[in-house]
Amino acid sequence: GAGVSQSPSNKVTEKGKDVELRCDPISGHTALYWYRQSLGQGLEFLIYFQGNSAPDKSGLPSDRFSAERTGGSVSTLTIQRTQQEDSAVYLCASSEPGQGIDEQFFGPGTRLTVL
Amino acid sequence: GEDVEQSLFLSVREGDSSVINCTYTDSSSTYLYWYKQEPGAGLQLLTYIFSNMDMKQDQRLTVLLNKKDKHLSLRIADTQTGDSAIYFCAVDTGRRALTFGSGTRLQVQP
């Protein structure tokens, strides 16, 4: 079946503008994650959604970052008043937690460049 | 918080074995993972090990876990040019999101 998809694949914006990044998880997956991968760095956790529970926002770096997940499916990550340090690849993953291993399936990412 | 460390780069010749190392700080992790990221592609789960195991073998891949030293390694036997990628070590921390290392870029020379 279809994997995790993200759009756009690339986004170039000017400093101070707002951007929205979209993630379509695998159908039926109740868990959705956003990570950020900066150049030469590992993946940094941003936010986690699980079903109807309150999201775990503990990884969001500032109040300029927010995310929503509508209807338990599609998620949008919004970055307001973008800064140059926001430039990174934003990765979305989804999974179906259960007993044992919780394999996260990753999308191809959105490469954000803030000029 | 959890800290996961990896060396940044490894170069091997085709046919040799590759060993990618990872150290972590949180001893309560249940599962430890290796993800592979190929150019232009998303991360894919390569293999994993349960924390009560010390070794897991899967075809050309061998995962070794030393819980005492909090050290995880991935050995790739008979490394091929198609194995060239970035390999990420990741651990769970009790919440569902994973903590990733910075990735090891494996370069396989013909």
Side-chain angles (χ1 to χ4, degrees), chain A residues 2-7 9-10 23-26 29-51 53-61 67 75 88-111, chain B residues 1-10 20-26 29-53 56 58 63 65 72 74 85-106:
Chain A
V4 177
S5 61
Q6 293 185 246
S7 60
S9 54
N10 278 284
C23 172
D24 283 86
I26 292 172
H29 279 188
T30 59
L32 187 147
Y33 315 76
W34 283 99
Y35 294 89
R36 177 168 71 175
Q37 184 179 19
S38 302
L39 187 63
Q41 302 293 315
L43 275 69
E44 174 190 9
F45 164 71
L46 297 177
I47 189 168
Y48 159 58
F49 296 90
Q50 171 56 58
S53 303
D56 176 357
K57 303 180 183 180
S58 59
L60 295 178
S75 177
V89 177
Y90 289 82
L91 293 167
C92 175
S94 71
S95 72
E96 185 50 43
Q99 297 298 319
I101 182 176
D102 177 17
E103 181 176 357
Q104 296 183 22
F105 294 83
F106 283 81
T110 293
R111 181 175 297 278
Chain B
E2 173 70 85
D3 191 25
V4 180
E5 305 247 346
Q6 298 179 240
S7 53
L8 292 181
F9 185 76
L10 175 66
I20 301 171
N21 295 300
C22 170
T23 58
Y24 59 96
T25 55
D26 188 342
S29 300
T30 304
Y31 289 97
L32 301 97
Y33 305 81
W34 286 102
Y35 277 81
K36 179 181 180 182
Q37 185 179 37
E38 295 183 270
L43 277 77
Q44 285 190 307
L45 180 64
L46 192 61
T47 187
Y48 67 93
I49 189 166
F50 188 47
S51 59
N52 70 352
M53 299 169 63
K56 178 180 179 182
D58 183 3
V63 180
L65 175 61
L72 181 73
L74 173 70
I86 302 176
Y87 292 81
F88 290 91
C89 168
V91 302
D92 66 40
T93 56
R95 66 180 185 193
R96 287 292 180 175
L98 299 176
T99 299
F100 286 82
S102 56
T104 299
R105 182 179 296 276
L106 174 64

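Below, all heavy atoms of this structure are taken into account, side chains as well, without hydrogens, waters or symmetry copies. A note on names: the letters A, B, ... follow the listed sequences, proteins ahead of strands, and every chain is numbered from 1. In this text, all values refer to a predicted model and were calculated from it rather than measured experimentally.
- In summary, the side chains of A:Gln50 and A:Thr30 do present a donor paired with an acceptor at a separation below 3.5 Å, with no hydrogens or angles considered.
- Heavy atoms of A:Glu44 lying under 4.5 Å from chain B are absent altogether.
- For A:Tyr90, the OH atom is densely surrounded, since the number of other residues' heavy atoms within 6.0 Å is greater than 12.
- Within 6.0 Å of CD in B:Gln44 there are 12 or fewer heavy atoms belonging to other residues, nucleotides or ligands.
- Only the side chain of B:Gln37 comes within less than 4.5 Å of a heavy atom of chain A; its backbone N, CA, C and O stay farther away.
- Of the two parts of A:Leu91, only the side chain, counted from C-beta on, holds a non-hydrogen atom closer than 4.5 Å to a non-hydrogen atom of chain B.
- Residues passing the side-chain contact (heavy atoms from CB on, under 4.5 Å) test with B:Phe9 are B:Ser11, B:Arg105, B:Gln107, sequence neighbours excluded.
- Neither the backbone nor the side chain of B:Phe50 comes within contact range of chain A, judged by heavy atoms closer than 4.5 Å.
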